[in-house]
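Just so you know, these numbers come straight off a predicted model, no measurement behind them.
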Amino acid sequence: MEWQESAPVPDVDTVRGLLAVPPRFREIVEQFEPGVHQFLPVDYLDRKAAILAKRFFFVACNRLDSVDRAHITMILSKGMWVPPRDLVRRKEEIPPGIDVNAAAKLVFNNAQIGDKHAWSDMFLPLYGPFLSDALGAALEAERFTGIGLGKGEAV
């Protein structure tokens, strides 16, 4: 991959929806779930094809339905969780009792997630990968540049 920025390559980068991570990130994930996930090598190159950084595209291979249906305020439409406002824009039917002006709330279900530490949600294809609190804390402790972890609500 050609890096055209003047700034250094961050430790963690998102490229066309793929998460590029350094070898240390891979090591940490492997400590939690050895042999589960895919790490596809990718080199960051400058304009003269000199290697600037070695990374891996991280593919979370646990595919779960991790959303708690009793607490989410989004609507499952065409195989994806979407905010009700999006359905209004698309002129799709809104189920009765849904407040289209309320903020969309995503809530995960710990029982459905079980002992998984990294996963993609089958109904949230544009988001993720999602991480357990323990894996997230281990990654935050490394102080990787370019990473931004948020805490999601779970029941």
Side-chain angles (χ1 to χ4, degrees), residues 1-84 86-87 90 103-155:
M1 172 155 25
E2 185 177 320
W3 183 252
Q4 298 179 350
E5 307 291 327
S6 57
V9 177
D11 295 324
V12 178
D13 189 27
T14 303
V15 182
R16 298 183 191 257
L18 295 171
L19 195 61
V21 301
R24 180 68 184 134
F25 186 110
R26 177 184 182 175
E27 292 168 9
I28 294 168
V29 170
E30 286 290 324
Q31 289 172 1
F32 281 80
E33 293 182 314
V36 172
H37 307 289
Q38 292 181 347
F39 293 89
L40 310 171
V42 60
D43 291 337
Y44 279 71
L45 310 173
D46 66 15
R47 291 186 175 143
K48 295 179 181 177
I51 296 177
L52 297 173
K54 292 191 170 285
R55 299 286 184 266
F56 296 93
F57 285 133
F58 170 46
V59 180
C61 292
N62 292 316
R63 187 170 180 258
L64 306 176
D65 177 3
S66 61
V67 172
D68 188 89
R69 290 174 182 342
H71 294 92
I72 190 170
T73 63
M74 297 167 73
I75 298 169
L76 191 57
S77 172
K78 298 179 182 173
M80 292 178 54
W81 287 109
V82 294
D86 288 2
L87 295 180
R90 295 185 210 163
K105 183 170 83 168
L106 181 62
V107 181
F108 293 100
N109 184 302
N110 287 324
Q112 290 166 214
I113 295 166
D115 62 352
K116 305 297 188 266
H117 288 282
W119 70 94
S120 60
D121 187 282
M122 61 182 65
F123 300 114
L124 292 168
L126 304 177
Y127 303 93
F130 299 101
L131 309 174
S132 69
D133 290 343
L135 177 53
L139 293 169
E140 281 184 326
E142 292 291 319
R143 300 186 187 272
F144 292 119
T145 60
I147 196 169
L149 299 178
K151 176 100 168 105
E153 185 177 340
V155 294

Roughly how far apart are L19 CG and F56 CZ, rounded to 0.5 Å?
13.0 Å
Show me the pairs that pass salt bridge (charged side-chain N to carboxylate O under 4.0 Å, His left out) and involve residues 56-69, at least two apart or across chains.
D65-R69
Closest approach of E33 to A118 (non-hydrogen atoms, all atoms of both residues)
OE1-N, 3.2 Å
Which atom of A154 lies closest to which atom of N110, heavy atoms considered
CB-OD1, 3.6 Å
Taking every heavy atom of N62 against every heavy atom of H37, the minimum-distance pair comes out as ND2-CE1, 3.5 Å
Can you pull out every side-chain hydrogen bond (donor to acceptor under 3.5 Å, both in side chains) where at least one residue sits in residues 42-53? Sequence neighbours excluded, please.
D13-Y44, D43-K54
Contacts of F39 meeting ring-ring contact (aromatic ring centres under 6.0 Å, His included) (sequence neighbours excluded), chain-then-number -> F58
Which residues share a side-chain hydrogen bond (donor to acceptor under 3.5 Å, both in side chains) with S132, sequence neighbours left out
H117
In short, salt bridge (charged side-chain N to carboxylate O under 4.0 Å, His left out) pairs touching residues 120-131 with sequence neighbours left out are none
How close do P10 and W3 get, heavy atom to heavy atom, and via which atoms?
CD-CH2, 3.5 Å
Excluding sequence neighbours, so at least two apart, what forms ring-ring contact (aromatic ring centres under 6.0 Å, His included) with F108?
F130
Which pairs with one or both residues in residues 144-155 pass side-chain hydrogen bond (donor to acceptor under 3.5 Å, both in side chains), sequence neighbours excluded?
D11-T145, D133-K151
Distance-minimising heavy-atom pair for I28 and L135:
CG2-CD1, 3.8 Å
Any side-chain heavy-atom pair of M1 and F57 under 4.5 Å
yes
Over all heavy atoms of both residues, which pair between L149 and G136 is shortest? Give the atoms and the distance, please.
CD1-O, 3.5 Å
Quick one: are M80 and L126 in side-chain contact, heavy atoms under 4.5 Å?
yes
Can you list everything that forms a ring-ring contact (aromatic ring centres under 6.0 Å, His included) with W81? Sequence neighbours excluded, please.
none
Those residues at least two apart in sequence (or on a different chain) that pass side-chain hydrogen bond (donor to acceptor under 3.5 Å, both in side chains) with Q4 are E2
Which residues pass the side-chain hydrogen bond (donor to acceptor under 3.5 Å, both in side chains) test with Q31, not counting sequence neighbours?
none
Using the test salt bridge (Lys or Arg N to Asp or Glu O under 4.0 Å), find all partners of E27 that sit at least two apart in sequence or belong to another chain.
R24
Is there side-chain contact between N109 and V67, with at least one heavy-atom pair below 4.5 Å?
no
Does any pair with a residue in residues 135-155 pass ring pair (Phe, Tyr, Trp, His ring centres under 6.0 Å), and if so which ones, sequence neighbours excluded?
F25-F144
Gap between atom CE of M122 and atom CG of L124 - 0.5 Å precision:
10.5 Å
